[in-house]
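Below is one structure, written out as structure tokens; the observations come after it.
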Number of protein chains: 2
Amino acid sequence: MGLAQARALGTESRHEILRVAEKIFARKGYSGASTREIAETAGVTKGLLFYHFQTKERLYLTVIDNMVRKLRALATPPAGEDIDWMGHVRRVIDGWTDFLMEHRDFQKLISRELMDEGKFHKKIIDEYLKPVYEIGTSFVREGIKAGVFRPVDPGTVVQMVISTNAMYFISLPLHRSILGEDPIGPEVLARRKEALWANFSRILQKD
Amino acid sequence: MGLAQARALGTESRHEILRVAEKIFARKGYSGASTREIAETAGVTKGLLFYHFQTKERLYLTVIDNMVRKLRALATPPAGEDIDWMGHVRRVIDGWTDFLMEHRDFQKLISRELMDEGKFHKKIIDEYLKPVYEIGTSFVREGIKAGVFRPVDPGTVVQMVISTNAMYFISLPLHRSILGEDPIGPEVLARRKEALWANFSRILQKD
């Protein structure tokens, strides 16, 4: 095996371990999940898992870090003078739905950590979640200053945006029963994005 | 001991068992919680616990039933011709916050059941949660028909009202960190109620 091929295989196994770890940690919590199960499900040896991530703790935090990195990118408004304020709101609403579709277990993992006040909840709050909230609230605050948004309470609006989707995605069996159809079917999600957008633009948009 | 006194003690012990069971089930989930621990914490014998509730399952469902009964009452609009539509929305927003303050573990218990798709999640969805949602959506639908509310998507608005508070109360350590003050302090909650009211009345109220 050449070096390039070995590197490619290494990246692939690392990616697969992360993918599997995300699911298993979300289902069982940090202490309930075992690295043996993660390695077996990912089809790698425990040796390779520890080669990539050293400790279970490191693997867990890498899983969260990876996802929150995407959320930070999503929340960050484009740089520049002429900000399309409402356009960014729309991108965040749509992108947050898309993110949760792709990482259906993210919110379970985070909710468990917050509900149980688990081993890492302080770190997760301070290093991961709080910064994302702050990007959101300062964007709304700036939009109010710029005279584009109404004088809303920034924290409450951001919490509404985040919570509405977060709760929807950890309660899918409930919404399947209420809607009488697949709550994550493409048409249902498209209608949902429109409805959320209508409501949040109503909250933010000046008359 | 006279009969009246024995009855009073019976009601009191029943109430105390329910109060303790609500906390312990929320913290540990149905299977993690033990009736021994619940009885001990409530200061009663296991015999008395089973005298009141027969089975662990019955105790668990009584805990949930008790709380959802209050939510159903809260969601139900007053009868009569001249409905104060916006007044009812305000009462629901404020009352949902007050309910979660009083039953801080309710949402954890429900969220665990939904996330784990636990033994009772179908029953809880169909008999408890779905009816509360339906009271809410039909109220919004009627309000649109009556020409009082804007043509919003009823389901999405109801889900926003429920989720925003639900997520806030299962994430208190996060909001403590973001706000830099007690997220359930009386002034913080009063400001929060005002902000939620401003946002939801904006969504619903016709110009």
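In what follows, every chain begins at residue 1, and chains take the letters A, B, ... in the order their sequences are listed. Source: prediction; values computed, not measured. All values below come from the heavy atoms of this structure, side chains included, with hydrogens, waters and symmetry mates left out.
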*Measure the NZ-OG distance between B:Lys108 and A:Ser111 for me, rounded to the nearest 0.5 Å.*
11.0 Å
*With no hydrogens and no angle check, is any side-chain donor or acceptor of A:Lys130 less than 3.5 Å from a backbone partner on B:Leu174?*
no
*asked:* Tell me whether the count of non-hydrogen atoms from other residues, nucleotides or ligands lying under 6.0 Å of NZ in B:Lys56 goes above 12.
replied: yes
*Is the number of heavy atoms from other residues, nucleotides or ligands within 6.0 Å of CD (A:Glu181) greater than 12?*
yes
*Calculate, to the nearest 0.5 Å, the distance between atoms OG and CD1 belonging to B:Ser163 and A:Ile162 respectively.*
13.0 Å
*Minimum-distance pair of heavy atoms, taken over all atoms of A:Asp126 and B:Ser177*: OD1-OG, 3.1 Å
*So what's closer than 4.5 Å to chain B heavy atoms on A:Arg191: side chain, backbone, both or neither?*
neither
*When B:Gln159, B:Arg192, B:His175 are compared by non-hydrogen pairs under 4.5 Å with chain A, the top option*: B:Gln159
*For B:Arg58, look at atom CZ and say whether over 12 heavy atoms of other residues, nucleotides or ligands are found less than 6.0 Å away.*
no
*Members of residues 194-207 of chain B whose heavy atoms come closer than 4.5 Å to chain A*: B:Ala195, B:Leu196, B:Asn199, B:Phe200, B:Arg202, B:Ile203, B:Gln205, B:Asp207
*Count the heavy-atom pairs under 4.5 Å between each of B:Val161, B:Asp153, B:Thr156, B:Leu172 and chain A, then report the option with the highest count.*
B:Thr156
*For chain A, find its close neighbours in residues 112-119 of chain B: heavy-atom separation under 4.5 Å, sorted by number, or none.*
B:Arg112, B:Leu114, B:Met115, B:Asp116, B:Glu117
*Are B:Met160 and A:Met167 close enough that some pair of their side-chain heavy atoms sits under 4.5 Å apart?*
no
*When A:Leu179, A:Val157, A:Thr164, A:Asp105 are compared by non-hydrogen pairs under 4.5 Å with chain B, the top option*: A:Thr164
